[in-house]
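To start, the structure itself, in structure tokens.
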Amino acid sequence: MSVKVCQEDVEHSGQLKFLSAVFYAGSSFLITMVNKTVLTTFRFPSYMCLGIGQMAATVVVLYAAKMSKTVQFQDFDRSILLKIFPLPLLYVGNHITGLASTKKLSLPMFTVLRKFTILMTMFLEVYILRKTFPKHLVFSVAAIVLGAMVAASSDLAFDIQGYTFILLNDAFTAATSVYTKKKVGSDSLGKYGVLFYNALIIIIPTLMASAYTGDLHEAVTFEDWVEATFIFCFLMSCLMGFVLMYSIVLCSYYNSALTTAVLGAIKNVAVAFIGIFVGGDYLFSWTNFLGLSICMSGGLMYSYLTFHNKPSGGNTGAVQELKIHISEDSKGPL
């Protein structure tokens, strides 16, 4: 096992790992419900402007918290851009390719191809963060991807543009997760600084792109802005956007980028299972149900192995040596 993996095990308790994972899973599920209400029930025309609102909420909440000294992070200077690079570019790429792939692909194929994010995240953690993974975790990840492929096997319509966009989206998502983990763990920005400056930097080009494409005009002229219920749901979506981004950073910090990706996959499968009984828009087939079951089994296996994995007593001395070495090289708490 690499030094970085041992460092995480020494620094973070199992309770923190588990609670941060539950926080992320719950936040991800709730924002899915809220966004569905805003974009589907009220038919709000702009995904991009909803994203801008979520970025703005992140900036406002964290700036207010910094001014009230509730949280602390570095003041802006020229070094910020270098420290946070390439996260803003990855976030923008993730957002654009995600929207493009959603329009081009059917839901089953979108679901199966998104699972390749997990494999890409694993590879990037190996090469960028120098992590290693035991075989049983690799097998559980393989089960998730296999289950997704089985679930979508009845819908194999090929679209070269759609496949290109979704695989690019997978790469951007994986890279975002891994570099978030790296920035939070090694730079002086800390968790709050990464969230604040990333949102602050990407909100400007996103707003310009929205205005250029006419997306902003459609959002501004939306007729339901006079409806109190819509305004409440829109504001809840913006606030939940901040909560989700914070939960992702926490989960990646206390666990790993791979664990965050797997939990996202479990959430999506859980939503699909709920759709079998609630909503009436799920078209049941045994092939799809079998694939979802394999996928969920792999995700639950990964979760169990991750959160119930305890170091053996024979490794206590090695852990103590790493702990001393890490404390000497540490730059201080985030």
Side-chain angles (χ1 to χ4, degrees), residues 24-25 28-29 31-32 35 47-48 51 86-129 131 133 137-153 155-183 198 202 206 244-245 247-249 251-252 255-272 288 291-292 294-296 298-299 302-303:
Y24 165 64
S28 182
F29 180 79
I31 196 173
T32 300
N35 284 347
Y47 290 92
M48 195 175 295
L87 270 182
L89 295 179
L90 295 175
Y91 268 89
V92 171
N94 189 25
H95 186 70
I96 293 174
T97 55
L99 293 178
S101 59
T102 302
K103 293 180 180 179
K104 289 286 185 179
L105 293 175
S106 64
L107 182 59
M109 284 312 301
F110 179 85
T111 301
V112 65
L113 292 175
R114 279 294 290 165
K115 295 299 182 291
F116 283 95
T117 299
I118 301 173
L119 285 179
M120 292 182 183
T121 301
M122 178 179 284
F123 291 141
L124 287 177
E125 283 202 302
V126 170
Y127 287 106
I128 295 177
L129 302 182
K131 293 191 64 172
F133 298 95
L137 287 185
V138 176
F139 291 150
S140 63
V141 168
I144 295 172
V145 177
L146 174 63
M149 295 177 68
V150 172
S153 61
D155 180 34
L156 299 177
F158 184 79
D159 185 319
I160 184 63
Q161 287 186 335
Y163 279 39
T164 301
F165 278 127
I166 192 64
L167 292 176
L168 284 174
N169 185 234
D170 291 343
F172 277 121
T173 302
T176 297
S177 299
V178 172
Y179 274 101
T180 296
K181 172 76 173 179
K182 184 177 181 180
K183 297 297 180 181
N198 186 63
I202 64 178
T206 307
L244 177 65
M245 285 188 279
S247 70
I248 290 173
V249 169
C251 188
S252 297
N255 293 282
S256 68
L258 179 62
T259 297
T260 305
V262 170
L263 289 172
I266 294 175
K267 184 267 299 184
N268 291 335
V269 176
V271 170
N288 185 267
L292 290 178
I294 296 173
C295 193
M296 178 62 81
Y302 178 95
S303 301

Kindly say whether [Y] contributes a backbone atom to a donor-acceptor pair with the side chain of [X] at under 3.5 angstrom?
| X | Y | result |
| --- | --- | --- |
| S140 | L137 | yes |
| S28 | Y24 | no |
| S256 | S252 | no |

Which atom pair, heavy atoms only, marks the closest approach of [X] to [Y]?
| X | Y | answer |
| --- | --- | --- |
| K181 | L129 | CG-CD1, 3.6 Å |
| M120 | L167 | CE-O, 3.9 Å |
| G298 | A143 | CA-CB, 3.9 Å |
| T121 | A174 | OG1-CB, 3.3 Å |
| E125 | F133 | OE1-CZ, 3.2 Å |

So do L119 and V141 actually touch side chain to side chain, heavy atoms under 4.5 Å? yes
Does the side chain of L263 come within less than 4.5 Å of Y302's, by heavy atoms?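 No, every pair of side-chain atoms sits at 4.5 Å or beyond.
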Pairwise distance [atom1]([X]) to [atom2]([Y]) - rounded to 0.5 angstrom:
| X | Y | atom1 | atom2 | value |
| --- | --- | --- | --- | --- |
| F123 | L258 | CZ | CG | 11.0 Å |
| I118 | C295 | CD1 | SG | 6.5 Å |
| T173 | L168 | OG1 | CG | 10.5 Å |
| Y91 | I202 | OH | CD1 | 7.0 Å |
| L89 | T176 | CG | OG1 | 10.0 Å |
| N198 | L87 | CG | CG | 5.5 Å |

Does Y179 have more than 12 heavy atoms from other residues, nucleotides or ligands lying within 6.0 Å of its OH?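 No, OH of Y179 has 12 or fewer neighbouring heavy atoms, counting only those of other groups under 6.0 Å.
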Derivation and outcome, side-chain contact (heavy atoms from CB on, under 4.5 Å), residues T180 and V249: CA-CA 7 Å; T180 296; V249 169; 3.9 Å; yes
